[in-house]
J.: 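I have a structure I would like to understand better, so I am pasting it below and will then ask my questions one at a time.
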Amino acid sequence: MTHLFSKPLTLAAFMALGLVGCNNSSQTTAEAPAADDATTTEAAATDTNGTLQKIKDSGTIVVGHRDSSIPFSYIADDPNQPIGYAHDLEMKVVEAVKQKLNMPDLNVRYNLITSQTRIPLVQNGTVDFECGSTTNNEERQKQVAFSNGFFEIGTRLLTNKDSGIQNFEDLKGKTLVTTAGTTSERYIRQYNDDNKMDMNIISAKDHGEAFLMLENGRADAFMMDDVLLAGEKAKAKNPDEWVIVGEPQSFEIYGCMMRKDDPEFKAVVNEALNNVFSSGEINGIYDKWFLNPVPPKNVNLNFEMSDNLKALIANPHDGAQPKAATAQ
């Protein structure tokens with residue numbers, strides 16, 4: 001099986017983990033298509049023929065991946081190999097596609113995405129699907145389709161243990177960093193306006209950069225999904241300096257993202273995920289990434305599976321995030 005890498009519209013600089021670029025001279029690379037007539041034609045062809053036919057015709061499945069969404073989808077020791085909990089599930093989907101198309105030697109090409117580029121790269125056909133840390137919500141459902149959910153999080157704050165910040169109301173007049181293009185960014189800006197908090201909100205290009213700003217003192221707190229905050233805390237120079245605080249402001253479900261109006265491909269994705277859930281294989285995958293040391297620094301997130309996630313695995317669905325907590 002050949003693994004090829006291509007670059008997205010803008011390649012995020014790898015932070016914190018000492019990450020390096022996702023492509024090298026020995027790999028075949030291709031720029032993501034711009035929004036021109038060729039892209040429009042490709043997208044139209046994809047809509048007409050479906051993703052499975054596109055994959056079959058090209059002999060390649062293009063898989064979107066992140067570079068710093070620890071432990072879901074990220075780059076660690078090998079710049080040419082994404083790893084993570086969501087990536088493992090993504091590979092289960094790839095195997096299901098191979099079986100569906102009877103193409104055991106199907107090529108796999110990895111394409112780096114960011115919070116800001118992931119939706120357009122799926123929409124225009126550059127990426128066939130992605131499983132990372134993408135929240136399924138009603139607004140995004142108008143643009144793309146989502147698989148059954150595979151994780152549920154709460155949005156909280158990461159801060160220094162001596163900052164005095166315990167909850168969101170303590171952010172008045174403070175500097176807060178979050179990741180651009182995320183649901184957290186939209187929420188905190190609205191929260192700031194509605195509550196007249198007079199916060200200085202910084203939008204970082206990825207989670208690694210956001211934590212670096214916090215670690216360097218440029219921000220007082222970092223708002224993001226609790227499990228992603230746990231990942232940043234775990235890889236800090238001194239993890240004990242940092243605490244995750246605050247009542248969750250939302251509970252969000254992650255799903256794999258793909259193009260809309262392609263029920264055949266979505267069925268393959270959901271079947272692959274549901275098989276992992278029903279067989280119990282998901283428990284081993286979860287333990288591997290959340291309850292054991294993970295690369296590159298062999299840190300353990302010690303993030304127990306929540307009751308919400310257990311319920312989602314027992315009764316899979318592709319609905320948007322819940323409006324409030326059910327159990328945590």
Side-chain angles (χ1 to χ4, degrees), residues 16-17 19 63-78 81-96 110 129-136 146-156 158 207-208 211 224-236 239-240 242-244 248 251-256 269-318 321-322 325-328:
L17 293 177
L19 305 179
V63 178
H65 76 93
R66 305 294 294 271
D67 65 359
S68 62
S69 285
I70 301 170
F72 292 92
S73 178
Y74 67 107
I75 297 293
D77 301 316
D78 183 349
Q81 180 59 60
I83 60 173
Y85 170 82
H87 180 74
D88 283 355
L89 296 177
E90 208 166 36
M91 291 300 98
K92 296 294 183 182
V93 173
V94 169
E95 291 304 314
Y110 297 130
F129 78 111
E130 71 92 20
C131 305
S133 52
T134 300
T135 296
N136 176 359
F146 284 91
S147 70
N148 289 339
F150 58 77
F151 206 85
E152 185 165 343
I153 58 88
T155 50
R156 302 182 70 194
L158 182 65
H207 308 318
F211 180 68
M224 190 43 57
D225 306 347
D226 52 7
V227 67
L228 297 177
L229 295 178
E232 295 303 318
K233 177 179 183 291
K235 69 181 178 63
D240 293 338
W242 309 99
V243 290
I244 298 173
F251 288 86
E252 304 180 356
I253 293 175
Y254 293 168
C256 298
V269 175
N270 278 341
E271 183 178 9
L273 294 176
N274 292 349
N275 286 341
V276 175
F277 297 162
S278 62
S279 68
E281 188 178 3
I282 188 64
N283 296 314
I285 296 174
Y286 186 95
D287 289 353
K288 172 185 174 182
W289 293 105
F290 296 97
L291 298 175
N292 283 284
V294 299
K297 293 187 176 181
N298 292 319
V299 292
N300 191 333
L301 273 66
N302 289 311
F303 199 88
E304 295 284 346
M305 186 181 290
S306 68
D307 290 339
N308 279 358
L309 180 54
K310 291 176 184 176
L312 183 62
I313 289 170
N315 297 284
H317 66 82
D318 64 356
Q321 82 272 21
T326 56
Q328 187 68 18

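The structure presented is a predicted model; accordingly, all values stated were derived computationally and were not measured.
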J.: Stepwise, does the side-chain contact (heavy atoms from CB on, under 4.5 Å) test hold for Ile282 with Leu89?
T.: CA-CA 9 Å; Ile282 188 64; Leu89 296 177; 4.0 Å; yes
J.: If we ignore hydrogens and angles and just use 3.5 Å, is the side chain of Ser73 paired with the main-chain N or O of Gly132 as donor and acceptor?
T.: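 No.
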J.: Considering only residues two or more places apart or on different chains, which pairs with a residue in residues 285-295 satisfy side-chain hydrogen bond (donor to acceptor under 3.5 Å, both in side chains)?
T.: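 Matches after skipping sequence neighbours: Asp88-Lys288, Asp88-Trp289.
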J.: What is the distance from atom CD1 of Ile244 to atom CD of Glu232, rounded to the nearest 0.5 Å?
T.: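 It comes to 10.0 Å.
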J.: Rounded at 0.5 Å granularity, tell me how far CD in Glu152 sits from CG in Asp226.
T.: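 Atom-to-atom, Glu152:CD and Asp226:CG are 10.0 Å apart.
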J.: What pairs with Glu271 under salt bridge (charged side-chain N to carboxylate O under 4.0 Å, His left out), at least two apart in sequence or on another chain?
T.: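 Result, salt bridge (charged side-chain N to carboxylate O under 4.0 Å, His left out) vs Glu271: none returned.
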J.: Side-chain contact test, heavy atoms from C-beta onward, threshold under 4.5 Å: evaluate it for Ser133 versus Tyr74 and give yes or no.
T.: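 No. Closest side-chain heavy atoms not under 4.5 Å.
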J.: Identify the two heavy atoms, one from Ala76 and one from Pro295, that lie closest to each other, and give their separation to 0.1 Å.
T.: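 Result for this residue pair: CB-CB, 3.9 Å.
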J.: So Ser69 and His207, do their side chains get closer than 4.5 Å, heavy atoms only?
T.: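 They are in contact (side-chain heavy atoms under 4.5 Å apart), so the answer is yes.
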J.: Measuring from atom CD1 of Ile285 to atom CZ of Phe150, what distance do you get when rounded to the nearest 0.5 angstrom?
T.: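 Nearest 0.5 Å value for the CD1-CZ distance: 11.0 Å.
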J.: Only counting residues at least two apart or in another chain, list the ones meeting salt bridge (charged side-chain N to carboxylate O under 4.0 Å, His left out) with Lys92.
T.: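 Expected list: Glu281.
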J.: Sequence neighbours excluded, which residues qualify as ring pair (Phe, Tyr, Trp, His ring centres under 6.0 Å) partners of His87?
T.: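 With sequence neighbours excluded, His87 shows a ring pair (Phe, Tyr, Trp, His ring centres under 6.0 Å) to Tyr110, given in chain and number order.
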J.: Could you give the distance from CD1 (Ile253) to CG (Asn308), rounded to the nearest 0.5 Å?
T.: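 Rounded to the nearest 0.5 Å, the CD1-CG separation comes to 8.0 Å.
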J.: Residues in side-chain hydrogen bond (donor to acceptor under 3.5 Å, both in side chains) with Tyr85, at least two apart?
T.: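 Testing Tyr85 for side-chain hydrogen bond (donor to acceptor under 3.5 Å, both in side chains), a comparison that skips the adjacent residues, returns none.
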J.: To the closest 0.5 Å, what do you measure between CD1 (Ile313) and OG (Ser278)?
T.: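 Result: 11.0 Å between the selected atoms.
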J.: Establish, yes or no, whether a centroid distance under 6.0 Å links the rings of Tyr254 and Phe146.
T.: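 Between Tyr254 and Phe146, the centre distance exceeds or equals 6.0 Å.
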J.: Using modelled atom types and a 3.5 Å cut-off, is there a donor and acceptor pairing between side-chain atoms of Asp225 and backbone atoms of Val227?
T.: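 It does not hold such a pair.
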J.: Give, for atom CG of Asn136 and atom CZ of Phe151, the distance between the pair rounded to the nearest 0.5 Å.
T.: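 Going from the CG atom of Asn136 to the CZ atom of Phe151 covers 15.5 Å.
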J.: Determine whether His65 and Ile75 satisfy the following criterion, side-chain contact (heavy atoms from CB on, under 4.5 Å), listing intermediate values before the conclusion.
T.: CA-CA 9 Å; His65 76 93; Ile75 297 293; 4.0 Å; yes
J.: Hey, are Asn270 and Asp318 close enough side-chain-wise for a donor-acceptor pair under 3.5 Å?
T.: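 Asp318 vs Asn270: no donor-acceptor pair found between side chains.
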J.: How far apart are the C-alpha atoms of Phe303 and Leu291, what are their side-chain angles, what is the distance that settles it, and do they pass the side-chain contact (heavy atoms from CB on, under 4.5 Å) test?
T.: CA-CA 6 Å; Phe303 199 88; Leu291 298 175; 5.6 Å; no
J.: Taking side chain as C-beta onward, heavy atoms only, is Asn283 less than 4.5 Å from Met305?
T.: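 Result yes, sub-4.5 Å side-chain heavy-atom pair found.
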J.: Check Ala234 against Leu301 and note the closest heavy-atom contact, atom names and distance.
T.: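 Between these two residues, the closest heavy atoms are CB-CD1, 4.1 Å.
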J.: Would Phe129 and Val94 count as a side-chain contact (heavy atoms from CB on, under 4.5 Å) if you check the C-alpha gap in whole Å, the side-chain angles of each, and the deciding distance to 0.1 Å?
T.: CA-CA 10 Å; Phe129 78 111; Val94 169; 4.2 Å; yes
J.: Considering only heavy atoms from C-beta outward, does the side chain of Pro316 approach that of Leu273 to under 4.5 Å?
T.: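 No, every pair of side-chain atoms sits at 4.5 Å or beyond.
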J.: Which residues pass the side-chain hydrogen bond (donor to acceptor under 3.5 Å, both in side chains) test with Thr155, sequence neighbours left out?
T.: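 Partners of Thr155 by the side-chain hydrogen bond (donor to acceptor under 3.5 Å, both in side chains) criterion, ordered by chain and then number, come out as Ser250.
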J.: Is the shortest side-chain heavy-atom distance between Lys233 and Phe211 below 4.5 Å?
T.: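 Not in contact.
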